[in-house]
Amino acid sequence: MNTSAVSIVSGVLDISDLPAFLKSLNDFSAERGVKIQGFDARKIAGANHLSFAVHRAREAFAAGTNQAKDLGLEAMRFSSGLKQIDKAFSMGLIQGENRGLFVFFGAPGEHLISAQNAFTDVFGLKKDTPLSLDEKKPFLMKQFGITDEELNGVGADKLEDLVMERVALVDIVR
């Protein structure tokens with residue numbers, strides 16, 4: 001499958017049965033020839049965070065150092081700032097209401113756009129207003145183990161930088 005293009009769709013989605021949703025998402029992806037990875041938007045510091053995680057995942061696959069067998073899961077692993085795939089699932093969707101970010105990997109052009117539009121219709125993704133960094137702060141601090149002392153030491157405006165540091169250090173720190 002061609003995964004050279006990447007696009008992100010955000011929205012609110014209610015998931016009543018997470019395993020059934022993930023199976024439906026996998027089936028949908030296979031039918032449309034794309035890969036879709038869902039993220040909890042509350043745990044993504046910003047566009048740079050997600051873009052950098054995808055970049056690191058692509059680099060890992062190119063170098064043969066990937067831990068996951070799937071590009072989407074490898075991006076999730078990097079986005080989490082954690083080396084272990086099973087712990088990286090904490091970045092994913094949950095049962096119930098989700099503020100989601102969905103990363104689409106596929107061939108560039110109409111094919112990818114068509115898959116995104118179909119995804120919105122099939123899964124009932126509703127438009128939302130992006131969360132502010134302040135709204136994400138408690139989720140980010142918990143996910144990335146950032147303490148009040150650490151944040152106060154560098155300044156509250158550096159929260160995204162602290163998250164990016166953890167993403168950058170995945171696979172470097174043991």
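Nothing fancy with the numbering, it's 1 onward along the sequence. These figures come from a predicted structure and were not determined experimentally.
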task: Could you state whether Phe105 and Leu22 fall into the same hydrophobic cluster, counting links through intermediate Ile, Leu, Val, Met, Phe, Trp or Tyr residues with side-chain heavy atoms under 4.5 angstrom apart?
output: no
Heavy-atom pair of closest approach, residues Ala107 and Leu112: O-CB, 3.5 Å
message: Evaluate Asp14 against Asn98 for side chain to side chain contact (heavy atoms under 4.5 Å, CB included), listing each step before the verdict.
response: CA-CA 6 Å; Asp14 189 50; Asn98 285 269; over 6 Å; no
Closest non-hydrogen atom pair, Arg58 against Val6: NH2-CG2, 2.9 Å
query: Taking the side chain from Gln37 and the backbone from Val103, do they hold a donor-acceptor pair closer than 3.5 Å?
result: no
query: Can you get from Leu151 to Leu140 by hopping between Ile, Leu, Val, Met, Phe, Trp and Tyr side chains that sit under 4.5 Å apart?
result: yes
field: Spatial distance of atom CZ (Arg77) from atom CG (Asp86) [nearest 0.5 Å]
entry: 11.5 Å
- prompt: Rounded to the nearest 0.5 Å, how far apart are CG of Asp27 and NZ of Lys23?
  reply: 3.5 Å
field: Between Ser132 and Asp134, a side-chain donor and acceptor under 3.5 Å
entry: no
- request: Please say whether more than 12 non-hydrogen atoms of neighbouring residues, nucleotides or ligands are located less than 6.0 Å from CD in Glu110.
  value: no
message: Is there a side-chain contact between Gln116 and Ser7 in this structure, where contact means two heavy atoms from C-beta onward sitting under 4.5 Å apart?
response: yes
Residues Glu135, Lys137; criterion side chain to side chain contact (heavy atoms under 4.5 Å, CB included); working and verdict: CA-CA 6 Å; Glu135 291 172 302; Lys137 181 180 174 183; over 6 Å; no
- request: State plainly whether one hydrophobic cluster holds both Ile94 and Leu131, where clusters connect Ile, Leu, Val, Met, Phe, Trp and Tyr through side-chain heavy atoms under 4.5 angstrom apart.
  value: no
- request: Examine Phe104 and Leu25 and state if one hydrophobic cluster contains both, with Ile, Leu, Val, Met, Phe, Trp and Tyr joined whenever side-chain heavy atoms are less than 4.5 Å apart.
  value: yes
message: Restricting to non-hydrogen atoms, name the atom on Met91 and the atom on Lys43 that form the minimum distance, rounded to 0.1 Å.
response: CE-O, 3.1 Å
Val170 side chain reached by Leu82 side chain, heavy atoms, under 4.5 Å: no
message: I need the Lys69 NZ to Ile85 CD1 distance, nearest 0.5 Å.
response: 9.0 Å
field: Lys/Arg N to Asp/Glu carboxylate O, Arg99 vs Asp40, below 4.0 Å
entry: no
- prompt: Do we get Arg166 above Phe144's six-membered ring, with its NZ or CZ under 6.0 Å from the centre and within 45° of the axis?
  reply: no
- prompt: Met76, Ile8: one ILVMFWY side-chain cluster at the under-4.5 Å cut-off?
  reply: yes
Which atom of Val167 lies closest to which atom of Arg56, heavy atoms considered: O-NH1, 2.9 Å
task: Look at the aromatic rings of His55 and Phe52 and report parallel, tilted or perpendicular, splitting at 30° and 60°.
output: parallel
statement: Nearest heavy-atom contact between Asp128 and Ser10 is OD1-OG, 3.6 Å
- request: For the residue pair Ser80 and Lys87, establish whether any side-chain heavy-atom pair is separated by less than 4.5 Å.
  value: no
message: Rounded to the nearest 0.5 Å, what separates atom CD in Glu74 from atom CD in Glu59?
response: 11.0 Å
field: Gap between atom CZ of Phe61 and atom CG of Asn66 - 0.5 Å precision
entry: 4.0 Å
- prompt: What are the two closest heavy atoms between Ala41 and Leu101, and how far apart are they?
  reply: CB-CG, 3.8 Å
- prompt: Can you tell if the side chain of Leu73 reaches within under 4.5 Å of the side chain of Phe89, non-hydrogen atoms only?
  reply: yes
query: Do His111 side-chain atoms and Arg32 backbone N/O form a donor-acceptor pair below 3.5 Å?
result: yes
query: How are the rings of Phe102 and Phe119 set relative to one another: parallel (under 30°), tilted (30 to 60°) or perpendicular (over 60°)?
result: tilted
message: Once rounded to the nearest 0.5 Å, what's the spacing between atom OG1 of Thr3 and atom CG of Leu71?
response: 5.0 Å
- prompt: Between Ser90 and Gln143, is any side-chain donor less than 3.5 angstrom from a side-chain acceptor?
  reply: yes
